[in-house]
Amino acid sequence: MTPKDAAIGPPMSVMFELTHRCPLQCPYCSNPLELERASAELETHTLVRVLDECASFGVLQVHFSGGEPLSRSDLPEIVAHAHGRGLYTNIDTSGVMLDDTALAALQQAGIDHLQISFQDVDEAGCNRVANFPNAFQLKLAAARRVSAAGLPLTLNFVVYHDNIARVPQMIELGLELGAQRIEIANVQYYGWGLINRSRLLPTREELQHATATVEAARVRLKGRLRIDYVVPDYYAQRPKACMGGWAQRLINISPSGKALPCHAAETLPGFTFWNVRDHSLEDIWYHSEAFLRFRGTAWMPEPCRSCERREIDWGGCRCQAFALTGDAARTDPACVLAPDHAVMQAAVAEMDGTQPFVYRGFHNVEKVLKLKNLPTV
Amino acid sequence: MTPSAVTEAAVPRLGVGVRLHHDAVRDTWGLLAPERLFKLDAQATEIMKLVDGQRSVAGIVDSLVVRYHAPRDVIARDVCAMLQGLADKNVVHA
Ligand code: SF4
Ligand code: SF4
C-alpha cells in the first residue's frame, strides 16, 4: 500500500482511552489484562498536541473513554481543547464520578455527547457486577443530570446471561431518563470479558428473545429513541465487520499513547505499536506496520480471499481470531465457513452461570496473567 | 408520540447533539451526531443550512425556489423527503 493510497482516507474518529483507572471492576471489561498504570499515562500537553493532529488530519469525532475518563482531573481541559478545534466530543463514562461540578465543567468545556454505561437495570445486580456499592443510584443521578443540562445522552446497557431477560426494562429506563439513544450491547469477549466468558455468555434462547424485543421496540420507538444493538458472535453465522475493517476508520490510543487499530489489538503478539509520543497520527495511519498488516484484503487466507463478503465483514475480528485460534491471520471463527468455527460451539458448551466473577482491577492482574499462562508484569 | 410526516407547516430543528459541520480537509458538509456522521450532498447541504429551528419547511422551500428557479412542487417534495429521512433517524425534529 502506498502512502496516501486514494482508497483510504483519514480516519473518521479517534478513541482516547485516557486511563485504565476506574472505580468499578466489571468482569466483562474489554480493557487488556495488563492494565496500564497512572504513571505511564500521556501528559496533558501531549494529548493537546495529538488533538491538534486529529483536527488537521481530518478526524471528525473524538471519544474519551478508559477506564473511567473522569479519573483524569484534566478531562475538562482536554475536552475544551478538542471542542475548540471543531472536533465532536464524546465521553464514555461509568457515571459514578459525574457529580454536578464535574458535569458543569464538561458542559462549559463544550462536550457534545455523554454515554453512561449501566451494568444492569436491577440495582443489586448492577452493584454486584460493578463491585461498587451504590453504583446504580450514582448512575441514575448522573443520567438525570445530563438530561436536565440539555445534553445528549446515551445509556449503554451491557448485557450477559444474568441481565439479558431485562432488556424491556432497559428500554423503559432509557425513555424515563430522557436518553436520545441507548445501546443494548452484548458483552464482547476480549480482555477481562474473555476470562469470564463461560460465566457471562447468554444461551441461544436468551439471545433470540432479546433480539426480538429490540426489533419490536425499534419499530415502536422510531424517531423517538434510537436503539443500537450489538450481538455476541457466539451464535452468529457471519462475523461482524469489526471496527468497519482493520485500520479503516478509527485509531485507538491507549493510556500510555500506543496507537492501535482497535482497543483489543494490544493482545496480539508480534506487533510493535507506534506511540503518539514519537509519531504523528498521519505517519501512524499510513506507515506503521501494525496498521498496514491487516488493512484491506491482501492478507486474507481462504475462505475469505475468494468470498464475496470480504469487503463487507473484512474477515471478521483479528483479535478474536487470535484469542480463539492463536493466529491473528486466520478467518474469524465466528464465521460458519471458518475452519475453526467449532471453537464457538465448544465455548458455548462451557457455559456455567454459577461460577464466581473474576473482577477487573489492578489487584487481579497477576492472577489472570497466570491463569492465561502469560508472563506476569 | 410517533413522529408525524414532515409537512410544509412543520418547523424543523436539529436533534439534540446534532451539529452541521464543514469538513475542511475533505471539503464536504455533514451532520455530526452521537456515534454517527451523515455526509450531505450539495442539495442536502443547502437545505440543512436553512434549518434553524425558526423557519418552516414552507419557508425553506420558498427560499430554494427563488435561488434555483425550479418548480415549487418538485423542491417541496425533495425537501420533505429529505427531512423525513433524517427525522426517522432522530437527527432532525419536525
Ligand atoms: S467496563 Fe467497568 S471496569 Fe471497565 S472501564 Fe468500564 S466501568 Fe470500568
Ligand atoms: S469467509 Fe471470510 S469474508 Fe467470507 S463471510 Fe466468512 S469471515 Fe467473511
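This structure is a prediction, so every number in the text was calculated from the model and none was measured.
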Inter-residue atom distance A:K222.NZ - B:N90.CG, 0.5 Å rounding: 11.0 Å
Contacts of residues 57-65 of chain A with chain B (heavy atom under 4.5 Å): A:F57, A:G58, A:L60, A:Q61, A:H63
Side chain, backbone, both or neither of A:I111 within contact of chain B (heavy atoms, under 4.5 Å): neither
Atom group of A:L153 that falls short of 4.5 Å from chain B, counting heavy atoms: neither
Contacting moiety of A:S56, where chain B heavy atoms sit under 4.5 Å: backbone
Side chain, backbone, both or neither of A:R226 within contact of chain B (heavy atoms, under 4.5 Å): both
A:D52: partners by salt bridge (Lys or Arg N to Asp or Glu O under 4.0 Å), with sequence neighbours left out: A:R85
Atom CD of A:Q108 with >12 non-hydrogen neighbours under 6.0 angstrom: no
Pick from A:D228, A:N90, A:L225, A:D112 with the largest number of heavy-atom pairs that fall under 4.5 Å of chain B: A:D112
Sorted by number, residues from residues 30-55 of chain B in contact with chain A (heavy atoms, under 4.5 Å): B:L32, B:A33, B:P34, B:E35, B:R36, B:L37, B:K39
Qualifying residues under side chain to side chain donor-acceptor pair (under 3.5 Å), relative to A:Q188, sequence neighbours excluded: A:K240
Which portion of B:V16 sits near chain A, non-hydrogen atoms under 4.5 angstrom: both
Structural part of B:H21 lying under 4.5 Å from a heavy atom of chain A: side chain
